[in-house]
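One structure is given below, encoded as structure tokens.
Lettering of chains follows the sequences in order, A, B, ..., and the numbering in each one begins at 1.
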Amino acid sequence: MTAFIIRRLLQSILVMLTVALVAFALFRFVGDPIASMVGQETTLAERQELREMLGLNDPFIVQFFTFVSRAVVGDFGISYRLQQPVMELILSRLPATLELALVSGFFAFIFGVGFGVYTALRRGGWLSSSIMTISLIGVSLPTFLIGVLLIWVFAVEFQWLPSFGRGDVVDLGGWWRTGLLTESGRASLILPAITLGLYQMTLIMRLVRAEMLEVLRTDYIKFARARGLTNRAVHFGHALKNTLVPVITITGLQLGSIIAFAIITETVFQWPGVGALFINSVRFVDVPVMAAYLMLIALVFVVINLIVDLLYYVVDPRLRVDRAGAGH
Amino acid sequence: MAEIPLLSVRNLVVEFPSRRGTLRAIDDVSFDIAEGEVLGMVGESGAGKSLTGAAIIGLLEPPGRIAGGEILLRGERIDNLAAEPMRRIRGKRIGMVFQDPLTSLNPLYTVAEQLIETIRTHISCTERVARERAIALLDRVGIPAARRRIDDYPHHFSGGMRQRVVIALALAAEPDLVIADEPTTALDVSVQAQIIDVLKEICAERGASVMLITHDMGVIAETADRVAVLYAGRLAEIGPVRDVIQAAEHPYTQGLMGSIPTLTQTDTRLVQIPGSMPRLDAIPKGCPFNPRCPHVMDRCRHDRPVLIARGSKREVACWLYEAVREEVHHG
Ligand SMILES: Nc1ncnc2c1ncn2[C@@H]1O[C@H](COP(=O)(O)OP(=O)(O)O)[C@@H](O)[C@H]1O
Ligand code: SF4
Ligand SMILES: [Mg+2]
């Protein structure tokens, strides 16, 4: 178990270093950092001096090391555009993105598993067939189109829900502003959460359905029926549990994609999260923000991966270390 | 005749509707199993042994269905029961042991969880009582240190041990009949005999009848009281094990007997039956065995042989024996 964790940690560090290299390369190849920092009238000598002072003339490896060691403590420098520490900017925007991602992930999981199980058990029923057909639309429509359609129907036509922004927020302890505690905050969350979660929900649903049908054909399900267990016990006690083992992995990993895909949804709904921040930083070639965002997304993926692996370990007893002398 | 058999299968027909017409996988099969009796069922792979078992326990997989005949348990029909009453019969009155112990147990639950769940489904008792019962069962099927091992997961057990667990599960609610579908085929040869012994002993102890499906005549010879020989979904011959083994009457059974190496007979010849069993969509007219039969006659190619009683205990579906009982036969 410990060896397993250590191995996974080392792998994670390697992944992060690779992403750091890409992020670092942004500084070197996307625009000239000096040009972004100084005004037009700065002389060449002054620029050279600044270059020396910032360590831009140091060997590549030294610069990379400096970048990584600063990144580790959360120092990504100052935003070119907003003239604020990048980390501060990101932290102030993070709660909005995380709340959106977690809420849509949660509902994608609940409805995905629910519909998946239903369509697997009622295979061929008209409701199952309808759900499957509608889900096809969910997978094939692009996110921004779904967002725009939802805005049109629920915000413009019916005027039930707000079409942009986060509503009123409440400050929790000075570092987390939540929209979950106000009515306008919750109302504002609904459309973006559906937009962001719909694709994941259909994905989870199709996965659960396929996996469940597979499990229902196994010998241990046949044997469970032959023992006279009730349908309920067979479907939800045995089949669902075995279905969820692989589903957990994928769903967990989906959470990473949800955060990454939030860029589009945040743009459509003008949601003040890190995704929107990133899009703006790209527009202004605000390299420190872009680099930090890349690293953040990578970190999210790596951490989720790690948690999912550990979860897998907890759920599936076969992966646990055999008790000494037990297997014979 | 006076006593009602525990299980009675009357003219069973199992069909699979398909696009290219209906396939008849079991055709007019009848047999009884008496209380406490062990009936062996033999036949090549694809003969319909598993389907017969599945039909009895009500677990035919759609589109497969019982298209004719009746199945009676202690004289009451169970082939037309609704889902819920049939579920209550499974496990409680008819237990089932499948072929592969490695895949029969749910890998995510401990042996204790699976046993207790089964016991409490059929017998109302507390978790603690069920657990004690489960431990006693495991002990009885020969799991060493049952009290300690019961909380292990299936993958902690070897194949032979897992099949013992499966047997414990099949017997957890004390069924009157156990259908064992090739219970040792997937196991190491060294443990096969032990598993058969355990199964036989426990069932004998509890007075449970057994339908033992296998393609191993050796196992039948040592275990069963009577044997039914299935060929292409039809009964070829049925009778007491000793009689059938010593003097098989159906040419197919004679061929099968030739392939038991352990049998010591004076005129031992290893009879190999040429050819193979027909597919369901190509069963020949008349006797399904006629293309492979060394004694085939003209009639065999047109008329399907009916089961002919041979003495009070044996029956055989072969025209060779028709002449002998012509006067008794009244269609
Ligand atoms: N779902 C199915 N559809 C069509 N034919 C089937 C199906 N299941 C079994 N069969 C056929 O029924 C016959 C009997 O199968 P089975 O009872 O499993 O044989 P065995 O004697 O080996 O246990 C085989 O020929 C098999 O091909
Ligand atoms: S009925 Fe004819 S073909 Fe069939 S087994 Fe008897 S002799 Fe052979
Ligand atoms: Mg079989």
Side-chain angles (χ1 to χ4, degrees), chain A residues 1 113 117 120-125 128 208 211-249 308 310-328, chain B residues 50 53-54 56-59 61-62 83-84 86-110 113-115 117-122 144-145 148-149 151-158 160-161 166 169-173 175 178-179 181 186:
Chain A
M1 178 80 187
V113 170
V117 168
L121 292 180
R122 293 264 184 286
R123 198 158 42 122
S128 295
V208 165
E211 198 62 41
M212 183 103 172
L213 286 175
E214 195 66 37
V215 169
L216 285 173
R217 274 194 292 269
T218 59
D219 282 356
Y220 56 82
I221 293 299
K222 274 183 216 148
F223 189 47
R225 288 195 203 283
R227 281 184 276 148
L229 301 188
T230 58
N231 270 344
R232 201 189 145 115
V234 172
H235 293 159
F236 299 105
H238 287 264
L240 183 58
K241 186 165 180 179
N242 287 273
T243 300
L244 286 184
V245 173
V247 169
I248 285 173
T249 327
V308 165
L310 293 179
L311 248 166
Y312 213 54
Y313 215 77
V314 173
V315 177
D316 193 337
R318 283 166 297 185
L319 296 178
R320 282 176 229 153
V321 184
D322 274 277
R323 272 175 252 178
H328 65 96
Chain B
S50 297
I56 292 170
I57 202 165
L59 286 180
E61 278 170 38
E84 183 55 19
M86 192 60 214
R87 176 191 69 74
R88 278 194 232 113
I89 286 177
R90 284 197 287 273
K92 177 83 180 131
R93 298 184 63 193
I94 307 177
M96 183 119 192
V97 176
F98 287 104
Q99 179 170 338
D100 191 350
L102 299 187
T103 55
S104 292
L105 300 168
N106 190 328
L108 300 187
Y109 289 101
T110 63
E113 287 166 337
Q114 302 189 47
L115 269 164
E117 176 183 35
T118 310
I119 292 169
R120 295 193 68 193
T121 296
H122 297 292
R148 187 168 59 78
R149 296 300 308 275
D151 291 310
D152 283 349
Y153 286 93
H155 72 276
H156 288 124
F157 294 86
S158 65
M161 286 295 154
V166 169
L169 278 162
L171 287 156
V178 175
I179 301 174
D181 191 350

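A pairwise comparison of heavy atoms in B:Met96 and A:Ala226 identifies CB-CB, 3.9 Å as the closest pair. Between A:Gly228 and B:Thr121 the shortest heavy-atom distance is O-CG2, 3.4 Å.
In this structure, CD in B:Glu113 is found 9.0 Å from NE2 in A:His238, a value given to the nearest 0.5 Å. Separating the OG1 atom in A:Thr230 from the CD atom in B:Glu117 is a distance of 8.0 Å, to the nearest 0.5 Å. The CG atom of B:Asn106 sits 7.5 Å away from atom OG1 of A:Thr218, with the distance rounded to the nearest 0.5 Å.
The shortest side-chain heavy-atom distance between A:Lys222 and B:Leu59 does not fall under the 4.5 Å cut-off. Put simply, the side chain of B:Gln114 does not reach to within 4.5 Å of the side chain of A:Tyr220, judged on heavy atoms.
Panel note: side chain A:Arg227, backbone B:Ala172; no donor-acceptor pair is recorded below 3.5 Å.
Under the 30°/60° scheme for interplanar angles, the aromatic rings of A:Phe223 and B:Phe98 are found to stand perpendicular.
When heavy atoms are compared at a cutoff of 4.5 Å, B:Arg88 does not approach chain A at all. In this structure, the portion of B:Ile94 lying under 4.5 Å from any heavy atom of chain A is its backbone and not its side chain. For a residue to count as touching a neighbouring chain, one of its non-hydrogen atoms must lie under 4.5 Å from one of that chain's; by this rule B:Ile57 touches chain A with the side chain only.
When B:Ile89, B:Asp100, B:Ile179, B:Val166 are compared by the number of non-hydrogen pairs under 4.5 Å with chain A, B:Val166 comes out ahead. With chain A as the partner, the residue from B:Gly91, B:Ala83, B:Gly160 showing the most heavy-atom pairs under 4.5 Å is B:Gly91. Of the listed residues A:Ile221, A:Asn231, A:Leu229, the one with more heavy-atom pairs under 4.5 angstrom with chain B than any other is A:Leu229. Comparing B:Glu61, B:Glu84, B:Arg90 by heavy-atom pairs within less than 4.5 Å of chain A, the highest count is held by B:Arg90.
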